[in-house]
2 protein chains.
Amino acid sequence: MRKSNPQPTLSEVARLAGVGVGTASRVVNGGVNVSAGTMRKVKSAIQELGYMPNHAARVLKGGRTKTVGLLVPSIADHFFASCAEAADKIARAHDTLLIVAVTRNQCGDEMSSLEVLMRHRPDGLLIVPSDPENKELARFVRNSGIPVVTFDRPLFGSGCSSVLSDNFEAARKATLHLIEHGYKRILCLVSEPELYTIRERVRGYLQAMEEAGLQPLVDTGPEDMALASRSLAAHLKSRRPPDAVFTLKNSSTSAVVQILRQLRIPIPSRLALLGFDDFELAGTLHPSISVVQQPIEDLGRTAAELLFAELEGHPSKKTRREPIVLANRLVLRRSCGCKEVPARKDL
Amino acid sequence: MRKSNPQPTLSEVARLAGVGVGTASRVVNGGVNVSAGTMRKVKSAIQELGYMPNHAARVLKGGRTKTVGLLVPSIADHFFASCAEAADKIARAHDTLLIVAVTRNQCGDEMSSLEVLMRHRPDGLLIVPSDPENKELARFVRNSGIPVVTFDRPLFGSGCSSVLSDNFEAARKATLHLIEHGYKRILCLVSEPELYTIRERVRGYLQAMEEAGLQPLVDTGPEDMALASRSLAAHLKSRRPPDAVFTLKNSSTSAVVQILRQLRIPIPSRLALLGFDDFELAGTLHPSISVVQQPIEDLGRTAAELLFAELEGHPSKKTRREPIVLANRLVLRRSCGCKEVPARKDL
DNA sequence: CTGTTAGCGCATTCAA
DNA sequence: TTGAATGCGCTAACAG
């Protein structure tokens, strides 16, 4: 009550309760082999002192730290924030703390964040690798001695399980859908082309175009709004302008919506639009925007569940080394040219 | 290289380097009073083993933990995610890890998250209190013995500094703006009315209405879309329907946009709209939505800076016990009835 | 059922 | 400039 700075220790609790530290420890850890009376005394001492176990000491003893690390590109990004929340829910259910660190999709930041995380001796790690080919990270993971699960992106040569979504297939199906609408000149607008998920989506697009015998049209330039605007305007003024756009991430999609609005290009009559990754007002805009919807929470949740399964030593899981692949969902609204909104769930 | 599970320790390094642990320790910590040759030997041993200092052991020795805790209602929420990112940036700049835990705005979860955080013996704490009147939390903070800064909401009786935004004043000004447009029956749509920030906004609204001699019209019901839809429809069908709506958080604002779209109520001609808290496509919707824009990153950043200032013992700060209040910004677009968009910055 | 004790990895004495 | 010894708070093993 009156104490302020130095946090109370177990031995203070024990002293106040008039018992040995071992006994106090047993009470703190669930109270097996402790008599009811002792239990009460110790508990009230804990209350009185406001005792909280010192995590560092537990770590030092070498047991479970009840901590897992989460390494994501960004925490402000809706996608990863939602994954993080889903993972956190699972972690809490296992009475463990999720520590988040960010990579900004840069291998350097990734390694340094990882180091900082490792200081806390997490029981396991959840990682969205910046680069699936990163040998250094793969080696680190292999030698870390703790279970690691990657999600959203794989990590080749790491030997750890991963949970992905079918970017390739979803992009292929989405493109195919545009093709079924009769569009021939489908522009694929790419930013951050170095990212694994984006590359997969480009592959899916290319595959679909090839299947249909259409000329692919990939624009890998427009990183910011201004550039995208200029680039899009140029495409539209070209001799053979595109009749549809497939954007590969939701910020690109909103950017295109804004740009087309400014340019007064009607959607979909002049230019159809289909985006990868849903966003909050996609269904409310005029026209509503058709998108590929990712199983965001599922990714985070499944990855976390897998990690805890491995932590609890389910050996069956050990054998599964192929990634778990979750399906994306094509949500058809108006911007692709569809007239009817099939389900109103997303309203 | 070949070792996998148990992380190498300082004494292994020392042994490999053929020196004592004390010497190795000195090398790790900057290498004062170490000969060049010894230095080299130890460093290469560190390299060889992939040694990383055990954070727990250092903590146990009683030094700084280079860790600060962040306690927010949610991590998936854009507002808090952005605050968290801003705070994280500051934390990293101070070489410390930000550990995030969530409260879901519930005092119970808040205390338990706080306990888990405290096990990690953070050097300081950043808190968005669920309830500013929470005596238990205030007492905890007072006795914690570490610097605490709250942001977005105060914590009365805790004696700690806080960084707020001027919810009251911004809501008042926003309402006044609607009043200047000539609207008389301005509906204030409230959800989560128990939250401090929301209450402040309601106060601002009421104050403005009173100043103007108008009858306030507060609806504190609609927690979800379905309810909101019904409630809004009822208001519009009533004998004296509102001519403007002031929504107090951005999810309400988008909800209203969607509902009015479905109801085919034109904005702003039949019903004007002004929302608290900006959102990504607010400027792109038709009509674009006028909003109060909060200094989101500033809140997180300033709070973190204040915390580190206190950690570094700047005593000048100690004396400032009144909260730092950051200004919100009224961004006028079309939905309130404004014809011109004053600045195109937010496009 | 309970008390005592060793030792986790490290920084920091203190002696050499 | 260096090595050895101490103790941080805790849990697990063991002795009572």
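This one's a predicted model, so the numbers in the text were calculated from it and none came from an experiment. First the proteins, then the strands, lettered A, B, ... as listed; each starts at 1.
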Check your understanding: In whole Å, what is the span from the CE atom of B:Met39 to the C1' atom of D:dT2?
Key -> 15 Å
Practice item. Hey, can you tell me if A:Tyr196 and A:Phe156 have their rings parallel, tilted or perpendicular (30° and 60° cut-offs)? Key: perpendicular
Check your understanding: A:Val59 near the nucleic acid: base, sugar-phosphate alone, or nothing, with a heavy-atom cut-off under 4.0 Å?
Key -> nothing
Review point. Would A:Glu85 and A:Lys89 pass as an ion pair if we require N to O under 4.0 Å?
Key: no
Review point. Rounded to the nearest Å, what distance is computed from the CD1 atom of residue B:Ile46 to the P atom of nucleotide C:dG9?
Key: 16 Å
Check your understanding: Separation of A:Arg15 atom CZ from D:dC10 atom P, in whole Å?
Key -> 13 Å
Review point. Can you find a heavy atom in the side chain of A:Arg40 that is under 4.5 Å from one in the side chain of A:Lys43?
Key: no
Review point. Which residues, if any, of residues 116-124 of chain A bring a heavy atom under 4.0 Å of DNA chain D?
Key: none
Practice item. Kindly check if the number of other-residue, nucleotide or ligand heavy atoms within 6.0 Å of CD (A:Gln106) is above 12? Key: yes
Point to revise | Heavy atoms from other residues, nucleotides or ligands near CD of B:Gln47 exceed 12 (cutoff 6.0 Å) | key: no
Practice item. Please state whether the phosphate of D:dT1, meaning OP1 or OP2, lies under 4.0 angstrom from any side-chain nitrogen or oxygen of B:Thr38. Key: no
Exercise for review: For the residue pair B:Phe80 and B:Asp152, establish whether any side-chain heavy-atom pair is separated by less than 4.5 Å.
Suggested key: yes
Practice item. Indicate yes or no: at least one non-hydrogen side-chain atom of B:Leu97 is less than 4.5 angstrom from one of B:Arg92. Key: no
**Study point:** Within-4.5 Å side-chain heavy-atom neighbours: B:Cys160 and B:Thr150
**Key:** yes
Practice item. Would you please confirm or rule out a distance under 4.0 Å between OP1 or OP2 of D:dC10 and any side-chain N or O of A:Arg58? Key: no
Where do N or O atoms of nucleotides 4-8 of chain C meet protein N or O atoms at under 3.5 Å, pair by pair?
unit_1, atom_1, unit_2, atom_2, d
C:dG7, N2, A:Lys61, NZ, 2.9

Exercise for review: Find the bend of the helix from C:dC1-D:dG16 to C:dA16-D:dT1 as the angle between its two terminal axes (five pairs each), to the nearest 10°.
Suggested key: 40°
Study note, to complete from the structure: Exactly one candidate in A:Asp109, A:Leu71, A:Ile75 meets side-chain contact (heavy atoms from CB on, under 4.5 Å) with A:Val102; the answer is A:Ile75
Check your understanding: Hey, does A:Ser25 reach any base, or is it just sugar-phosphate, or nothing, if we go heavy atoms under 4.0 Å?
Key -> base
Exercise for review: Scan side-chain atoms only and decide if A:Arg153 and A:Asn105 contain a donor-acceptor pair under the 3.5 Å cut-off.
Suggested key: yes
Exercise for review: Give a yes/no on whether any side-chain N or O of A:Asn33 is located under 4.0 angstrom from OP1 or OP2 of C:dT2.
Suggested key: no
Review point. In whole angstrom, what separates A:Arg40's CZ from C:dC1's P?
Key: 14 Å
**Study point:** N/O donor-acceptor pair under 3.5 Å between B:Glu297 side chain and B:Ala86 backbone
**Key:** no
**Study point:** Atom pair distance, as rounded to whole Å: CE in A:Met52 and P in D:dC10
**Key:** 12 Å
**Study point:** Separation of D:dG9 C1' from A:His55 NE2 (nearest whole Å)
**Key:** 13 Å
